[in-house]
Amino acid sequence: MRYDLILFDNDGVLVDSEPISNRHLAAYLTELGHPTTYEESLRDYMGSAMHRVHELVRERTGERLPEDFDDVFHARVFAAFERELRPVAGVGGVLEKLAADGVPYCVASSGSHERIRVGHRVTGLDRWFTDDRIFSSQDVGRGKPDPDLFLYAAERMGVAPERCLVVEDSPLGVQAAVAAGMDVYGFTAMTPPEKLAGATQLFGSMGELADLLV
(Lines give C-alpha, C1' and ligand atoms only; values in the text may rest on other atoms or scores of the structure.)
Protein backbone atom coordinates (compact mmCIF):
# COMPACT_ATOMS: atom_id res chain seq x y z
CA MET A 1 0.00 0.00 0.00
CA ARG A 2 1.67 3.21 -1.13
CA TYR A 3 -0.57 5.52 0.92
CA ASP A 4 -0.66 6.03 4.67
CA LEU A 5 -4.17 7.51 4.74
CA ILE A 6 -7.29 7.24 2.56
CA LEU A 7 -9.62 10.26 2.74
CA PHE A 8 -13.13 9.58 1.48
CA ASP A 9 -15.55 12.21 0.32
CA ASN A 10 -18.97 11.38 1.73
CA ASP A 11 -21.83 12.35 -0.60
CA GLY A 12 -21.72 10.21 -3.73
CA VAL A 13 -18.70 8.20 -2.55
CA LEU A 14 -19.83 6.62 0.72
CA VAL A 15 -23.57 7.35 0.61
CA ASP A 16 -25.67 7.65 -2.54
CA SER A 17 -27.02 11.05 -1.51
CA GLU A 18 -26.27 13.31 -4.48
CA PRO A 19 -29.47 12.52 -6.41
CA ILE A 20 -31.58 13.09 -3.30
CA SER A 21 -29.94 16.29 -2.11
CA ASN A 22 -29.63 17.93 -5.52
CA ARG A 23 -33.24 17.13 -6.36
CA HIS A 24 -34.36 18.89 -3.20
CA LEU A 25 -31.90 21.77 -3.61
CA ALA A 26 -33.09 22.47 -7.15
CA ALA A 27 -36.72 22.34 -6.04
CA TYR A 28 -36.18 24.65 -3.06
CA LEU A 29 -34.19 27.23 -5.04
CA THR A 30 -36.90 27.20 -7.71
CA GLU A 31 -39.57 27.60 -5.03
CA LEU A 32 -37.74 30.71 -3.78
CA GLY A 33 -37.70 32.30 -7.23
CA HIS A 34 -34.29 31.08 -8.43
CA PRO A 35 -35.22 28.57 -11.17
CA THR A 36 -32.76 25.67 -11.01
CA THR A 37 -32.88 22.30 -12.70
CA TYR A 38 -31.54 19.10 -11.17
CA GLU A 39 -28.76 19.08 -13.78
CA GLU A 40 -27.81 22.68 -12.94
CA SER A 41 -27.71 21.85 -9.24
CA LEU A 42 -25.30 18.97 -9.92
CA ARG A 43 -23.16 21.20 -12.13
CA ASP A 44 -22.94 24.13 -9.72
CA TYR A 45 -23.16 22.65 -6.23
CA MET A 46 -22.19 18.96 -6.21
CA GLY A 47 -19.39 18.47 -3.72
CA SER A 48 -19.60 21.96 -2.27
CA ALA A 49 -20.44 23.37 1.14
CA MET A 50 -23.64 25.34 1.70
CA HIS A 51 -21.87 28.69 1.63
CA ARG A 52 -21.29 28.18 -2.10
CA VAL A 53 -25.06 28.06 -2.70
CA HIS A 54 -25.51 31.39 -0.92
CA GLU A 55 -22.54 32.95 -2.72
CA LEU A 56 -23.58 31.90 -6.22
CA VAL A 57 -27.20 32.98 -5.78
CA ARG A 58 -26.14 36.39 -4.51
CA GLU A 59 -23.51 36.74 -7.24
CA ARG A 60 -26.02 35.91 -9.97
CA THR A 61 -29.11 37.70 -8.67
CA GLY A 62 -27.98 40.23 -6.09
CA GLU A 63 -30.40 38.65 -3.63
CA ARG A 64 -29.77 36.87 -0.36
CA LEU A 65 -31.31 33.52 0.46
CA PRO A 66 -33.54 33.43 3.58
CA GLU A 67 -31.77 33.21 6.93
CA ASP A 68 -33.37 29.83 7.59
CA PHE A 69 -32.46 28.45 4.14
CA ASP A 70 -29.94 25.91 5.45
CA ASP A 71 -32.23 24.67 8.22
CA VAL A 72 -35.23 24.22 5.92
CA PHE A 73 -33.16 22.54 3.23
CA HIS A 74 -31.50 20.13 5.64
CA ALA A 75 -34.82 19.24 7.26
CA ARG A 76 -36.19 18.27 3.85
CA VAL A 77 -33.08 16.35 2.84
CA PHE A 78 -32.75 14.48 6.15
CA ALA A 79 -36.40 13.41 5.95
CA ALA A 80 -35.72 12.10 2.44
CA PHE A 81 -32.56 10.35 3.67
CA GLU A 82 -34.63 8.42 6.22
CA ARG A 83 -36.83 7.11 3.40
CA GLU A 84 -34.43 6.68 0.50
CA LEU A 85 -30.73 6.82 1.34
CA ARG A 86 -28.52 3.82 0.60
CA PRO A 87 -24.76 3.26 0.81
CA VAL A 88 -22.88 3.42 -2.46
CA ALA A 89 -22.81 -0.09 -3.89
CA GLY A 90 -19.71 -1.99 -2.81
CA VAL A 91 -18.31 0.64 -0.44
CA GLY A 92 -18.79 -1.61 2.59
CA GLY A 93 -16.41 -4.12 1.07
CA VAL A 94 -13.78 -1.43 0.49
CA LEU A 95 -14.00 -0.25 4.11
CA GLU A 96 -13.87 -3.83 5.37
CA LYS A 97 -10.71 -4.47 3.36
CA LEU A 98 -9.00 -1.30 4.63
CA ALA A 99 -9.87 -2.16 8.22
CA ALA A 100 -8.65 -5.75 7.81
CA ASP A 101 -5.39 -4.53 6.27
CA GLY A 102 -4.90 -1.89 8.98
CA VAL A 103 -4.90 1.00 6.50
CA PRO A 104 -5.97 4.29 8.16
CA TYR A 105 -8.95 6.03 6.57
CA CYS A 106 -11.36 8.86 7.33
CA VAL A 107 -14.15 10.91 5.77
CA ALA A 108 -13.58 14.55 4.75
CA SER A 109 -16.81 16.10 3.54
CA SER A 110 -18.09 19.55 2.60
CA GLY A 111 -21.31 18.53 4.36
CA SER A 112 -22.04 19.34 7.98
CA HIS A 113 -21.25 16.95 10.82
CA GLU A 114 -24.98 16.38 11.25
CA ARG A 115 -25.43 15.52 7.57
CA ILE A 116 -22.53 13.04 7.68
CA ARG A 117 -23.80 11.35 10.80
CA VAL A 118 -27.42 11.14 9.65
CA GLY A 119 -26.31 9.55 6.40
CA HIS A 120 -24.04 7.06 8.12
CA ARG A 121 -26.65 6.09 10.68
CA VAL A 122 -29.34 5.50 8.04
CA THR A 123 -27.03 3.43 5.83
CA GLY A 124 -25.24 1.54 8.60
CA LEU A 125 -21.86 3.01 7.70
CA ASP A 126 -21.55 4.47 11.20
CA ARG A 127 -19.91 1.20 12.26
CA TRP A 128 -16.87 2.17 10.18
CA PHE A 129 -16.52 5.83 11.23
CA THR A 130 -15.86 6.80 14.83
CA ASP A 131 -15.88 10.51 15.67
CA ASP A 132 -12.11 10.79 15.27
CA ARG A 133 -12.45 9.69 11.62
CA ILE A 134 -15.06 12.33 10.65
CA PHE A 135 -14.06 15.74 9.28
CA SER A 136 -16.37 18.41 7.89
CA SER A 137 -15.94 21.79 6.23
CA GLN A 138 -17.46 23.10 9.47
CA ASP A 139 -14.10 22.33 11.07
CA VAL A 140 -12.20 24.73 8.81
CA GLY A 141 -14.76 27.31 7.66
CA ARG A 142 -14.30 26.84 3.91
CA GLY A 143 -15.27 23.82 1.85
CA LYS A 144 -13.96 22.47 -1.42
CA PRO A 145 -12.37 23.55 -3.80
CA ASP A 146 -10.23 25.07 -1.03
CA PRO A 147 -7.69 22.50 0.24
CA ASP A 148 -8.15 23.41 3.92
CA LEU A 149 -10.41 20.47 4.81
CA PHE A 150 -8.12 17.79 3.38
CA LEU A 151 -5.06 19.39 4.95
CA TYR A 152 -6.80 19.62 8.32
CA ALA A 153 -7.93 15.99 8.20
CA ALA A 154 -4.44 14.79 7.27
CA GLU A 155 -2.89 16.82 10.09
CA ARG A 156 -5.36 15.45 12.63
CA MET A 157 -4.68 11.92 11.41
CA GLY A 158 -0.91 12.54 11.59
CA VAL A 159 -0.11 11.91 7.91
CA ALA A 160 1.81 14.14 5.48
CA PRO A 161 -0.24 15.30 2.45
CA GLU A 162 2.01 13.53 -0.04
CA ARG A 163 1.23 10.21 1.69
CA CYS A 164 -2.53 10.70 1.35
CA LEU A 165 -5.04 9.50 -1.21
CA VAL A 166 -8.38 11.24 -1.65
CA VAL A 167 -11.41 9.43 -3.12
CA GLU A 168 -13.72 11.97 -4.78
CA ASP A 169 -16.60 12.19 -7.24
CA SER A 170 -16.86 15.95 -7.85
CA PRO A 171 -14.74 18.43 -9.82
CA LEU A 172 -14.58 20.69 -6.75
CA GLY A 173 -13.28 17.81 -4.63
CA VAL A 174 -10.63 16.88 -7.18
CA GLN A 175 -9.50 20.52 -7.30
CA ALA A 176 -9.24 20.59 -3.50
CA ALA A 177 -7.20 17.39 -3.36
CA VAL A 178 -4.79 18.58 -6.03
CA ALA A 179 -4.42 21.93 -4.23
CA ALA A 180 -3.64 20.01 -1.03
CA GLY A 181 -0.81 18.14 -2.77
CA MET A 182 -2.57 14.80 -2.50
CA ASP A 183 -3.23 12.06 -5.05
CA VAL A 184 -6.90 11.69 -5.90
CA TYR A 185 -8.93 8.88 -7.44
CA GLY A 186 -11.99 10.17 -9.29
CA PHE A 187 -15.24 8.16 -9.06
CA THR A 188 -17.12 8.43 -12.36
CA ALA A 189 -20.43 6.82 -11.37
CA MET A 190 -22.27 10.16 -11.57
CA THR A 191 -19.66 12.50 -13.01
CA PRO A 192 -18.42 12.40 -16.62
CA PRO A 193 -14.75 11.39 -16.65
CA GLU A 194 -13.71 14.57 -18.47
CA LYS A 195 -14.93 16.65 -15.52
CA LEU A 196 -12.52 14.78 -13.23
CA ALA A 197 -9.59 15.16 -15.60
CA GLY A 198 -7.28 16.41 -12.85
CA ALA A 199 -7.51 13.14 -10.95
CA THR A 200 -4.53 10.82 -10.57
CA GLN A 201 -6.70 7.84 -11.55
CA LEU A 202 -10.35 7.30 -12.53
CA PHE A 203 -12.60 4.39 -11.54
CA GLY A 204 -16.21 3.52 -12.19
CA SER A 205 -17.14 1.13 -9.37
CA MET A 206 -16.13 0.32 -5.84
CA GLY A 207 -14.90 -3.05 -7.06
CA GLU A 208 -12.37 -1.21 -9.22
CA LEU A 209 -11.36 0.95 -6.27
CA ALA A 210 -10.72 -2.12 -4.12
CA ASP A 211 -8.37 -3.46 -6.81
CA LEU A 212 -6.59 -0.10 -7.10
CA LEU A 213 -5.97 0.00 -3.36
CA VAL A 214 -4.12 -3.33 -3.28
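- A salt bridge does not link E59 to R52: none of the charged side-chain nitrogens sits closer than 4.0 Å to a carboxylate oxygen.
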What do the steps show when you test R117 against D131 for salt bridge (charged side-chain N to carboxylate O under 4.0 Å, His left out), and what is the final call? CA-CA 9 Å; R117 285 168 168 80; D131 286 348; 3.0 Å; yes
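- When all heavy atoms of D146 and A176 are compared, the closest pair comes out as O-CB, 3.5 Å.
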With salt bridge (charged side-chain N to carboxylate O under 4.0 Å, His left out) as the criterion, how do D71 and R76 come out once you've worked through the C-alpha distance, each side chain's angles and the decisive distance to 0.1 Å? CA-CA 9 Å; D71 291 338; R76 295 181 182 186; over 6 Å; no
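- In this view, A210 and V94 satisfy the side chain to side chain contact (heavy atoms under 4.5 Å, CB included) rule, not counting sequence neighbours.
- With sequence neighbours left out, A80 forms a side chain to side chain contact (heavy atoms under 4.5 Å, CB included) with I20, H24, R83, E84.
- Closest heavy-atom contact between A108 and L7: CB-CD2, 4.4 Å.
- Relative ring orientation between F129 and H120 is described as tilted, the plane-to-plane angle lying within the 30° to 60° band.
- With rounding to the nearest 0.5 angstrom, the CG atom of L202 is 12.0 Å from the CG atom of L209.
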Salt bridge (charged side-chain N to carboxylate O under 4.0 Å, His left out) between R142 and E55: does it pass, once the steps are laid out? CA-CA 12 Å; R142 300 288 298 183; E55 291 166 0; 3.0 Å; yes
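- With values rounded to the nearest 0.5 angstrom, M50 atom CE is found 11.5 Å from S110 atom OG.
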Take S41 and N22 through the test side-chain hydrogen bond (donor to acceptor under 3.5 Å, both in side chains) and record every step on the way to the result. CA-CA 6 Å; S41 183; N22 281 282; 2.7 Å; yes
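- Around the CD atom of E155, the shell of radius 6.0 Å holds no more than 12 heavy atoms that belong to other residues, nucleotides or ligands.
- Cation-pi geometry between R115 and F78 is not met: the NZ or CZ atom fails to fall both under 6.0 Å from the ring centre and inside 45° of the normal.
- Heavy atoms of other residues, nucleotides or ligands lying less than 6.0 angstrom from CD of E194 number more than 12.
- Ring centroids of Y28 and F69 are separated by less than 6.0 Å, placing the two rings close together.
- Evaluation of the salt bridge (charged side-chain N to carboxylate O under 4.0 Å, His left out) rule for K195 yields no partner, not counting sequence neighbours.
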Go through the steps for T191 and D169 under the test side-chain hydrogen bond (donor to acceptor under 3.5 Å, both in side chains), then give the verdict. CA-CA 7 Å; T191 307; D169 71 329; 4.9 Å; no
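- The minimum heavy-atom distance linking L14 with V107 is given by the pair CD1-CG2, 3.8 Å.
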Between D9 and K144, is the salt bridge (charged side-chain N to carboxylate O under 4.0 Å, His left out) condition met? List the steps. CA-CA 11 Å; D9 175 44; K144 307 160 191 178; 2.9 Å; yes
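- Between R23 and E40, none of the side-chain N atoms (NZ, or NE/NH1/NH2) sits under 4.0 Å from a carboxylate O, so this pair counts as no salt bridge.
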Just do the side-chain hydrogen bond (donor to acceptor under 3.5 Å, both in side chains) check on Y3 and D183 with the steps written out, would you? CA-CA 9 Å; Y3 300 106; D183 281 358; 2.5 Å; yes
